[in-house]
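Below is the structure I would like to discuss, written out as structure tokens.
Owing to the predicted nature of the structure, the values given are computational and were not obtained by experimental measurement. Below, chains carry the letters A, B, ... as their sequence lines are ordered, and counting in each starts from 1. Just so it is clear, the values below take in all heavy atoms, side chains as well, and ignore hydrogens, waters and symmetry mates.
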Amino acid sequence: MSDTAPSSPLPPAAWPQRVAYGLLLLVLCGGAVALAAGADAASRAAGLRLWALAGAGLFAMAPPNVLLPDPNTRVLQLLNWPPTRLLRYQLGRLGPLIGLVALPALLIAFADPAAPLRHLPAKAAAFGQALLLTLGAATDSFAHFATLGPRSQAWQEGQSGRWYARAVEEKGQGVSLPRGLVPALFATTRCFVAALAAILVSAAGAQAGSAVAAWAPGLVLLGWAGARLWNRRRTYDRHFYHTTAFYAEVMGGGPTAAGARTPLPYDALYWVLPRWRPAVWASLRQLDRRLPLGRLVALAHAGVWVLCLRGAPPALVAAVLTLVFVAQTAACGLLTTAGAAPLDFQRTRQSTADWIGTRTFVNLRWLAAHAGSLTLVALFDDTYGAEWVLRWSLVHAALSLGAAAVATLTHEGWGRRSPA
Amino acid sequence: MASSLQLDDVTKRYGDGPAILEGLSRTFAPGTLTVLVGPNGAGKTTLLRLLSVLSYPTTGTVRYGDLDVHAHPHRYLRHVGLVHAGRQLPEHLSAVEVLEWILRSRGAWADDAPDRIDALLTRLRLDERRTNLVGTYSSGMTQKAQIAAALVAHPDVLLMDEPLRSLDAETADATVGLLKDFVEDGGLAVVASHLTDALTPMADATLPLGAEAPAASS
């Protein structure tokens with residue numbers, strides 16, 4: 001017997017995932033350093049608030065996709081961890097996301113090679129406020145999503161949200177999602193609005209020279225979310241199992257529903273190479289049932305337009321675009337879960353190289369939408385032009401291929417196609 | 001000594017589809033083995049998911065003694081051993097390490113634990129490869145490790161979904177023997193299986209599910 005028992009059920013992340021995360025962090029940190037180069041303290045503070053806003057968008061969307069359904073539930077049942085440990089475990093899984101926002105924020109605040117000690121108190125204050133807002137947004141979102149199970153199940157099974165069901169049936173209104181995911185969509189909006197309000201009040205306080213008003217919103221948001229989690233720490237097992245049970249039922253692991261949306265027709269994929277078209281079609285149908293990616297892409301581009309209209313520095317726009325493109329292409333990772341892509345089945349369908357090609361096209365589905373949105377920006381803003389649009393289109397194509405390769409090599413590995 | 005596990009007017013539906021289970025009331029008593037029977041899609045796995053807190057009922061409650069199991073999963077799961085269908089154990093640990101981890105995590109580690117683990121794995125005929133990583137196991141060996149993981153902490157309640165699947169004849173006999181001992185010691189077992197020949201003779205009750213089942217059985 002070993003001297004020490006393992007402390008975590010999580011298998012270590014595969015190296016392609018670690019490399020991908022490291023690269024993403026590197027790109028964001030590089031963007032942050034470029035953004036901060038030569039900036040004065042006030043510009044850094046403004047940049048940090050905009051970065052906190054991008055982070056709020058990330059935290060409003062990512063937690064249900066990162067945390068739920070928990071892949072280790074059955075092992076966790078065997079171990080039967082107490083509620084407080086389950087809470088720590090799930091909070092820990094949010095850590096890498098927080099790192100993606102907090103580390104670039106640190107660089108935006110302090111990366112100043114020419115005069116690292118200049119305006120240090122002002123830089124520290126701006127960073128502290130942004131960090132509080134980021135942690136507040138992350139914790140608030142976690143507290144909301146991690147306890148959403150009962151409400152989502154009630155919606156899914158028709159016990160709640162009848163007004164919504166009536167609107168869908170009578171007027172054809174509504175979103176193309178399983179009904180039980182609608183509360184999560186509301187939660188996304190609610191979490192983003194709460195964080196946005198805190199960031200705006202903090203910004204107004206900083207501009208008015210009120211330290212209390214600048215610090216208080218982040219503290220209040222973090223304290224409020226922390227208090228909610230504290231109150232639930234002894235009953236967190238119920239929230240954990242209920243929420244993960246619901247997501248397992250809707251996302252896979254239990255009987256799944258196709259949802260009300262008209263599924264993607266095969267012929268709509270005329271732009272995909274015929275060799276990969278069947279697998280792209282099957283992949284996109286699965287992905288559409290997991291994630292309303294089109295709406296999220298539209299929301300992200302609305303954010304980019306707002307940034308450009310406000311005259312945000314090109315480096316910040318570049319950082320946000322990188323985040324949007326990486327997040328969108330990373331979504332193909334949802335197609336590599338055991339439920340979506342059973343390994344033996346995958347290997348009998350086609351080779352690893354073919355799966356990379358398939359998932360590249362899955363990611364390229366949004367290339368035209370991205371290019372169209374950026375073309376609109378270029379038309380109305382002299383800062384950007386056709387070359388900028390072309391460059392970002394190439395970046396998207398490269399990221400599509402890169403994300404597909406990482407996801408596929410992580411899941412299907414290097415193996416050759418097995419005989420059917 | 002186990003308490004009773006009681007379903008009270010439990011209904012479960014997925015989305016707005018038809019109910020998989022409707023108005024089901026049933027008491028599973030300590031010292032009994034109940035075999036869930038029914039065709040594919042009858043609700044056997046759904047019922048086991050409800051009993052193991054992997055699913056929450058649309059209406060109704062499941063109680064273990066006085067405990068609402070869905071309101072207090074951690075307190076309930078202290079008493080429960082689980083064998084779900086499919087692979088569920090971490091692939092980068094050996095079977096021995098998995099069992100050790102479960103015992104330590106549940107605060108049930110004792111000086112004689114290594115011997116008990118050895119005895120359990122020997123009875124389940126998991127040979128010297130018990131120290132190999134679970135990810136290298138065949139489906140039958142994985143199933144043996146999962147049965148051992150369910151039993152190692154001496155649960156009061158045993159919930160098993162197709163426990164005999166993939167097992168060779170001798171291990172299936174050993175598993176049936178373990179189940180028999182468990183029930184004779186006062187344990188409460190609920191098992192879903194299509195291999196009813198091996199289990200029905202020792203079962204205290206069968207619970208038919210699906211089209212032929214009564215709307216509410218007790």
Segment of A:Gln153 engaging chain B (4.5 angstrom heavy-atom cut-off):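 Interface part for A:Gln153: side chain.
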Please look at A:Gln159 and chain B and tell me whether the side chain, the backbone, both or neither of the residue comes under 4.5 angstrom of a heavy atom of that chain.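 Side chain only.
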Treating B:Arg63 as the side-chain partner and B:Asp66 as the backbone partner, does any N or O pair qualify as donor plus acceptor under 3.5 Å?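 Checked: pair present.
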Taking B:Asp118 first and then B:Arg130, would you say they form a salt bridge - that is, a charged N and a carboxylate O separated by under 4.0 Å?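 B:Arg130 and B:Asp118: salt-bridged.
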Engaged part of B:Ala108 at the chain A interface, taking heavy atoms whose separation is under 4.5 Å: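 The answer is neither part of B:Ala108.
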Under 3.5 Å, side chain of B:Tyr76 to main-chain N/O of B:Tyr64, donor-acceptor pair present?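 Such a contact is absent between B:Tyr76 side chain and B:Tyr64 backbone.
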Pair A:Trp155 and A:Phe186, ring centroids less than 6.0 Å apart: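 Ring centres of A:Phe186 and A:Trp155 closer than 6.0 Å.
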